[in-house]
2 protein chains.
Amino acid sequence: MDAISVIRTKRDGGTLSPEQIDWVIDAYTRGAVADEQMSALAMAILLNGMDRAEISRWTAAMIASGERMDFSALPRPTADKHSTGGVGDKITLPLAPLVAACGAAVPQLSGRGLGHTGGTLDKLESIPGWRAQLSNAEMLDVLRGVGAVVCAAGDGLAPADKKLYALRDVTGTVEAIPLIASSIMSKKIAEGTGSLVLDVKVGSGAFMKNAEDAAELARTMVGLGTDHGVRTVALLTDMSTPLGRTAGNALEVRESVEVLAGGGPADVVELTLALAREMLHAAGLPDADPARALADGSAMDCWRRMISAQGGDPDAELPVARERHVVTAPASGVLTRLDAYAVGVAAWRLGAGRARKEDPVQAGAGVELHAKPGDTVRAGAPLLTLHTDTPEAFDYAVAALADAVEVGAHHAPAPIVLDGIA
Amino acid sequence: MDAISVIRTKRDGGTLSPEQIDWVIDAYTRGAVADEQMSALAMAILLNGMDRAEISRWTAAMIASGERMDFSALPRPTADKHSTGGVGDKITLPLAPLVAACGAAVPQLSGRGLGHTGGTLDKLESIPGWRAQLSNAEMLDVLRGVGAVVCAAGDGLAPADKKLYALRDVTGTVEAIPLIASSIMSKKIAEGTGSLVLDVKVGSGAFMKNAEDAAELARTMVGLGTDHGVRTVALLTDMSTPLGRTAGNALEVRESVEVLAGGGPADVVELTLALAREMLHAAGLPDADPARALADGSAMDCWRRMISAQGGDPDAELPVARERHVVTAPASGVLTRLDAYAVGVAAWRLGAGRARKEDPVQAGAGVELHAKPGDTVRAGAPLLTLHTDTPEAFDYAVAALADAVEVGAHHAPAPIVLDGIA
């Protein structure tokens, strides 16, 4: 077996054998296949595709490159959620304690933001004292005691994926559905959850810009989960406009707490409940009532215990940015468009996101939305408030918003959940 | 400008702009674009192609990465030849002095063999004392004094190509016609020849296995030469059976000297004369008579001076391998097939070629052919003699020849020159 013959097979439109896949993933993890060979293979995969059996084996090989967690000793069924990432997507924050309050255990390994999409860990780190990094034993402790844990994946989980992801990032090979799907699913399967709900976002603020690609990604991931014994369903959800009324770290924590307190923006509540129902159903708890758990405070109780268990103070004041700048509505009428990607880029430029993995983020930075599509706006009235500690960023953030807003006469309300794939 | 945007352009089927091409070649040569980025781009080029303008600019950028030689001060027109490589292809050896004897100057930069095809420098190095490595000043001196020089390309010539070629070799991206064509032509154009004849081989022993691919490569290279002001023509020639009656280093030198002495195998003489006529025509010497220069000894005189000028002794005994093994004809009849690739692999395994660039070659090793397709053979009579200093290689070489030979009733003679592309 050698790297060139594996590359040639895929380059020439062939199917990689299980032996070729196992060998190339293992050899790449060990350093016996070089980065320049793996990137050529990744490009061939991007352009020539992989069939379901290949993707499944590729995922299995990445799982086998590291440790596999096991929560089968827990007294509760496990359920996890993964979102492909969007603007204002704070759903994990209310969702994890909500589902735990309804009886499932939620072992939620999350990531940090890169580019215009935020990261769940960055958001939670705006809570004073809260720690993202837990050992496997600590993670299990929190899960056992609280029912929900949100933390960073350990280095032992799917190291092949970690190495390959970093390579794809610099070689123009991120946008390959087989590689995206196997990257996400290798971590989720190695994490050891019994069931999984995927929130596959589609629209300007999402990784997938059109419904066709999003559906293909969703089907591929559901197939992978099924092949590996994880009950997996996917919702296709809208990401053409930001979720809720905030994009930014502490801003989104504040909004999440509102939802847990029984309030919050309607779209965030709707999507949180839709995903909670799917998770509880997949976990074998179809009779649980997440709406009641929001209303009766049990989800909030779980949130407070979850934050405390990871060193955070649920009653602490959240950071506030030092400077603000108001963007006003350009005309009077109905807000027909508020572009998710533009708002995401603005929040990023204000300091809420990072350009490189090493960069720090500002806890208080971000964008606050005073209206959502369908709302009536008045020319000159505040539409957005930009928050940052670095006011020299305002011009740059405002420039990102240049074509983000449209005001018209009518707006047809669109659903958040576009489709379900099981 | 950044590597990922260039990769994405080609990955998504777009056309690289002149600025993108100039930037990526320069940045790669400087090390600012990493190997893993260039290999992803090479794979995208292999799968999505480049148009003529892109290939031309790519070639120009590779030329611009290093020095450019200039022979315009010579009193004679310059003409060069390039072969895409085959088995028993010793044509450069008689051709360079022959064309010089007819009035052109031949600045022939050559390479070493890799795999089953031999290299001109390896062959000449079997002549005691002969040196392949010349400084630019020495090269010009020999060219001025003798009219022909065959030597290794200096490190200053198209360094981008040198780096890219080594990368393609390990990443499964050798077989991209735009990259093959620009690699060959960047060196030939930087070398400064005024005219160029390409011997594009097609058949089992060649890099291009079918006539369609060979013709596309030939058209691409002729276009590149034309775009860069070098009068370029190509001959498509047969490489389904070895050229002449020898494959190996000293063996081929001996056969070349026979041709220069007015004898030698008919196919070698025919191809040498055909290429000489094309070179002389392209150099503006259409009335020169290469057949006479072979017959009257002037080509041999030039050969002797050329070898001496580079430290070689044209009268020295050539090395002879220590051991021989005879392969006999499997049946009586007409030899209908003697496969070039199989003979090339056998010669390689006997020690005439190398598997890695660092490996040494045996001067005396190789295969001697006692019959060519069309000749009558007798069952049990000698068909091939294998030569090596390492007799443990015989079994391995014989295995390569397992399906190489066919004996039948009739053989339709096939032309050597299949087509001409101008």
Side-chain angles (χ1 to χ4, degrees), chain A residues 1-14 16 20 23-24 27-29 31-50 114-115 162-180 207-210 213 355-357, chain B residues 1-14 16 20 23-24 27-29 31-50 114-115 162-180 207-210 213 355-357:
Chain A
M1 198 79 73
D2 69 288
I4 296 176
S5 70
V6 176
I7 296 169
R8 281 187 174 150
T9 298
K10 187 44 70 185
R11 179 195 78 186
D12 297 342
L16 298 177
Q20 285 181 311
W23 180 84
V24 82
Y28 180 59
T29 309
V33 163
D35 279 340
E36 57 267 29
Q37 297 175 316
M38 194 48 133
S39 67
L41 179 59
M43 181 58 79
I45 289 171
L46 189 148
L47 291 172
N48 287 338
M50 287 207 284
L114 195 63
K162 211 155 277 172
K163 195 171 171 185
L164 181 56
Y165 190 87
L167 179 71
R168 287 166 54 213
D169 197 38
V170 297
T171 56
T173 52
V174 170
E175 294 89 344
I177 285 178
L179 297 179
I180 297 168
F207 193 66
M208 295 287 154
K209 307 299 180 194
N210 66 70
D213 289 346
R356 289 169 310 173
K357 273 191 290 255
Chain B
M1 198 80 72
D2 68 288
I4 296 176
S5 71
V6 176
I7 295 168
R8 281 187 173 151
T9 299
K10 185 46 69 184
R11 179 195 77 185
D12 297 341
L16 298 176
Q20 285 181 308
W23 180 84
V24 82
Y28 180 58
T29 310
V33 163
D35 278 340
E36 58 267 31
Q37 296 175 315
M38 194 48 133
S39 66
L41 179 59
M43 182 59 80
I45 289 171
L46 190 148
L47 291 172
N48 287 339
M50 289 207 281
L114 194 64
K162 209 155 280 172
K163 196 172 171 184
L164 181 56
Y165 190 86
L167 179 71
R168 287 165 53 212
D169 197 38
V170 298
T171 56
T173 52
V174 169
E175 294 88 345
I177 286 179
L179 297 179
I180 299 168
F207 194 66
M208 295 287 153
K209 306 298 182 195
N210 67 68
D213 289 345
R356 290 169 309 174
K357 274 192 288 255

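Owing to the predicted nature of the structure, the values given are computational and were not obtained by experimental measurement. All chains are named by letter (A, B, ...) in the order of the sequence lines, taking the proteins before the strands, and each is independently numbered beginning at 1. All values below were derived from every heavy atom in this structure, side-chain atoms included, with hydrogens, water molecules and symmetry-related copies excluded.
- Per-residue heavy-atom pair counts under 4.5 Å with chain B were compared for A34(A), A44(A), S5(A), and the maximum is reached by A44(A).
- No part of A42(A) comes within reach of chain B, as not one of its non-hydrogen atoms sits under 4.5 angstrom from that chain.
- Once rounded to the nearest 0.5 Å, the distance linking CD of Q37(B) with OG1 of T173(A) reads 10.0 Å.
- Interatomic distance, L46(B) CG to M43(A) CE, rounded to the nearest 0.5 Å: 11.5 Å.
- Residue N48(B) touches chain A through its side chain alone, counting heavy-atom pairs closer than 4.5 Å.
- For the set G13(B), G172(B), S39(B), the entry with the most heavy-atom pairs within less than 4.5 Å of chain A is S39(B).
- When heavy atoms are compared at a cutoff of 4.5 Å, R11(B) approaches chain A by way of both its backbone and its side chain.
- In this structure, chain A has no heavy atom under 4.5 Å from any part of A3(B).
- Of the inter-residue distances, the one linking I7(B) atom CD1 with T171(A) atom OG1 reads 6.0 Å to the nearest 0.5 angstrom.
- Residue D169(A) comes nearest to I4(B) through the heavy atom pair O-CD1, 3.1 Å, listed as atom of the first residue, atom of the second, then distance.
- A distance of 7.5 Å separates CG of D12(A) from CD of E175(B), quoted to the nearest 0.5 Å.
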